[in-house]
Undergrad: 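Would you mind keeping the following structure in view while I ask a few things?
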Protein chains: 2
Amino acid sequence: MEQFVADTLKDHNLRTTTCRTEVLGTFLNKEVALSHGDLEGALGDQFDRVTIYRTLKTFLEKGIIHKVLDDEGVRYALCKDRCTEHDHHHDHIHFKCTNCGQTNCLENVHIPAVQLPDGYRANELNLLIQGRCPECVA
Amino acid sequence: MEQFVADTLKDHNLRTTTCRTEVLGTFLNKEVALSHGDLEGALGDQFDRVTIYRTLKTFLEKGIIHKVLDDEGVRYALCKDRCTEHDHHHDHIHFKCTNCGQTNCLENVHIPAVQLPDGYRANELNLLIQGRCPECVA
DNA sequence: ATATGATCTGCAACACTGTTGCATGGTAAA
DNA sequence: TTTACCATGCAACAGTGTTGCAGATCATAT
Ligand SMILES: [Mn+2]
Ligand SMILES: [Mn+2]
Ligand SMILES: [Zn+2]
Ligand SMILES: [Zn+2]
């Protein structure tokens with residue numbers, strides 16, 4: 001995994017710094033969408049808040065992570081497809097469990113086509129489904 | 001319209017105060033999704049920020065408005081269907097124009113059914129489509 | 001291995017968002 | 001008109017996100 005992190009950073013022409021390595025590693029470990037606050041919590045006092053914000057911004061721009069909309073603040077998740085700077089192409093849904101609070105990408109569940117009224121030009125879709133995840137349904 | 005505002009408040013067992021009247025009136029006038037900041041701007045210094053926050057929260061709880069997810073902060077829009085406290089039932093999409101910045105409800109465009117993997121229980125859907133609105137396509 | 005320049009980081013400061021407690025003022029109903 | 005209840009304004013606070021700048025760190029070329 002450490003190798004994957006190093007490669008990913010190199011592939012995107014980013015210097016391998018401790019913060020970037022740790023943040024990317026955290027996304028790989030947790031496998032759920034993370035907020036800035038989640039990262040701060042996971043990484044302790046290792047890094048300044050601002051550095052984490054900037055790391056997220058950089059990863060976003062490079063297409064390493066994508067935003068996950070939420071009714072109580074933005075989260076971020078790894079891009080599985082190869083996205084590039086300002087050209088994210090995601091069509092999977094995001095599921096937020098209202099019980100355990102976890103949000104994740106359901107990469108295999110695609111957003112169905114939507115017929116927009118005349119004149120509208122669609123660019124980016126974002127579908128959040130809230131409910132109960134399998135672990136919390138029981 | 002003033003009558004409609006008064007009726008709506010009464011229907012939801014809310015006292016008719018100036019702030020509530022003005023906020024509800026603003027939603028009716030503007031016909032787009034509004035953020036707290038938009039309302040502050042539209043209403044000038046008439047009311048304290050906190051009062052506007054509390055008005056939004058009250059309207060949300062009563063089912064007068066619903067949240068509209070956005071990648072840069074939550075907005076709110078009027079509920080057309082009769083929603084009740086904690087029982088919002090919306091299945092229309094929200095469209096945000098990346099050019100003029102306006103977000104609105106496309107009440108007639110419904111969110112298609114989504115087949116979730118086994119074990120997931122869906123409750124609430126939120127689909128935001130970003131792109132260009134008819135006025136900005138030209 | 002070292003020097004160099006580009007870039008990343010931490011810190012400080014700031015603006016904006018959202019919440020809470022409390023005293024005061026307004027509303028609706030008797 | 002009185003009264004009880006509720007909404008408002010103000011103050012204070014925690015959280016979020018941005019920027020400027022000086023110093024540290026990284027990648028590269030010597
Ligand atoms: Mn995703
Ligand atoms: Mn809507
Ligand atoms: Zn769950
Ligand atoms: Zn537009």
Side-chain angles (χ1 to χ4, degrees), chain A residues 2-3 5-26 33-62 64-76 85 101 103, chain B residues 2-3 5-26 33-62 64-76 85 101 103:
Chain A
E2 280 129 43
Q3 192 51 49
V5 168
D7 289 348
T8 304
L9 293 176
K10 178 161 276 184
D11 287 352
H12 291 88
N13 296 309
L14 292 175
R15 293 190 176 174
T16 59
T17 67
T18 326
C19 184
R20 286 171 181 171
T21 307
E22 294 290 309
V23 168
L24 190 42
T26 306
L34 301 172
S35 66
H36 172 269
D38 293 334
L39 287 164
E40 252 192 310
L43 300 174
D45 292 341
Q46 259 182 107
F47 312 103
D48 193 85
R49 317 181 309 109
V50 177
T51 306
I52 299 179
Y53 274 117
R54 288 199 262 230
T55 300
L56 288 171
K57 192 179 230 178
T58 303
F59 284 3
L60 260 187
E61 286 168 359
K62 293 294 185 173
I64 297 175
I65 59 176
H66 61 278
K67 280 196 184 184
V68 179
L69 301 196
D70 190 291
D71 54 349
E72 48 190 1
V74 178
R75 288 165 192 273
Y76 305 88
E85 196 145 352
T103 303
Chain B
E2 280 129 43
Q3 192 50 49
V5 168
D7 289 348
T8 304
L9 293 176
K10 177 162 277 186
D11 286 352
H12 290 88
N13 296 309
L14 292 175
R15 295 188 176 175
T16 59
T17 67
T18 326
C19 184
R20 287 171 181 171
T21 306
E22 294 290 309
V23 168
L24 190 42
T26 306
L34 301 173
S35 67
H36 172 269
D38 293 335
L39 287 164
E40 252 191 311
L43 301 174
D45 292 340
Q46 257 182 108
F47 313 102
D48 193 85
R49 316 180 309 110
V50 177
T51 306
I52 298 179
Y53 275 118
R54 289 198 261 232
T55 299
L56 288 171
K57 192 178 230 178
T58 303
F59 284 2
L60 260 188
E61 286 168 358
K62 293 293 185 174
I64 297 174
I65 59 177
H66 62 278
K67 280 195 184 184
V68 178
L69 301 197
D70 190 291
D71 55 349
E72 48 190 2
V74 178
R75 288 164 192 271
Y76 305 87
E85 196 145 349
T103 303

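Just so it is clear: chains get the letters A, B, ... in the order the sequence lines come, proteins before strands, and each one is counted from 1.
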Undergrad: What string of B, S and - do you get for nucleotides 22-30 of chain C 5' to 3' if you count protein non-hydrogen atoms under 4.0 Å?
TA: ----BBS--
Undergrad: Return the minimal non-hydrogen interatomic distance between A/Leu9 and A/Arg15, and the atom names on each side.
TA: CD1-O, 4.4 Å
Undergrad: Are side-chain heavy atoms of B/Phe47 and B/Leu39 found at a separation under 4.5 Å?
TA: no
Undergrad: Quickly work out the A/Asp48 CG to D/dT18 C1' distance and round it to whole Å.
TA: 13 Å
Undergrad: Base, sugar-phosphate, or nothing: which does A/Glu40 touch, judged by heavy atoms less than 4.0 Å apart?
TA: nothing
Undergrad: Are A/Lys67 and A/Tyr76 packed together at the side-chain level, in the sense that at least one heavy-atom pair is separated by less than 4.5 angstrom?
TA: yes
Undergrad: B/Ile52 CD1 to D/dC10 P: how many Å, rounded?
TA: 13 Å
Undergrad: What's the separation between atom CG in A/Leu43 and atom CZ in A/Arg49, rounded to the nearest 0.5 Å?
TA: 14.0 Å
Undergrad: Taking for each residue the nucleotide of DNA chain C bearing the nearest heavy atom, is the 5' side occupied by B/Val50 or by B/Gly37?
TA: B/Gly37
Undergrad: Identify the two heavy atoms, one from A/Val68 and one from A/Ala33, that lie closest to each other, and give their separation to 0.1 Å.
TA: CG2-CB, 4.1 Å
Undergrad: Specify the separation, in whole Å, of atom CG of B/Leu56 and atom P of D/dA7.
TA: 15 Å
Undergrad: If you round to the nearest 0.5 Å, how far is CZ of A/Arg20 from OG1 of A/Thr51?
TA: 10.0 Å
Undergrad: Rounded to the nearest Å, what distance is computed from the CZ atom of residue A/Arg75 to the P atom of nucleotide D/dT16?
TA: 10 Å
Undergrad: Roughly how many Å is it from OH in A/Tyr53 to P in C/dA15, rounded to a whole number?
TA: 17 Å
Undergrad: Do B/Ile64 and B/Leu14 come close enough that some side-chain heavy atom pair is under 4.5 Å?
TA: yes
Undergrad: From CG of B/Asp70 over to P of C/dC16, roughly how many Å is that when rounded to an integer?
TA: 18 Å
Undergrad: Taking the minimum atom-to-atom distance to the side chain of A/Arg20, which one of C/dT9, C/dT19, D/dT18 wins?
TA: C/dT9
Undergrad: Measuring from the side chain of A/Arg49 (C-beta onward, heavy atoms only), which nucleotide among C/dG10, D/dG9, D/dT18 has the closest atom?
TA: D/dT18
Undergrad: Inspect the contact between B/Arg75 and B/Asp70 and indicate whether a charged nitrogen and a carboxylate oxygen are less than 4.0 angstrom apart.
TA: yes
Undergrad: Rounded to the Å, how far apart are A/His12 NE2 and C/dT7 C1'?
TA: 18 Å
Undergrad: Ignoring hydrogens, what is the shortest heavy-atom contact between B/His12 and B/Thr8? Give both atom names and the distance.
TA: ND1-O, 2.8 Å
Undergrad: D/dT8 C1' sits how many Å from B/Leu43 CG, rounded?
TA: 15 Å
Undergrad: Five pairs per end, C1' atoms only: what is the angle between the end axes of the helix from C/dA1-D/dT30 to C/dA30-D/dT1, to 10 degrees?
TA: 30°
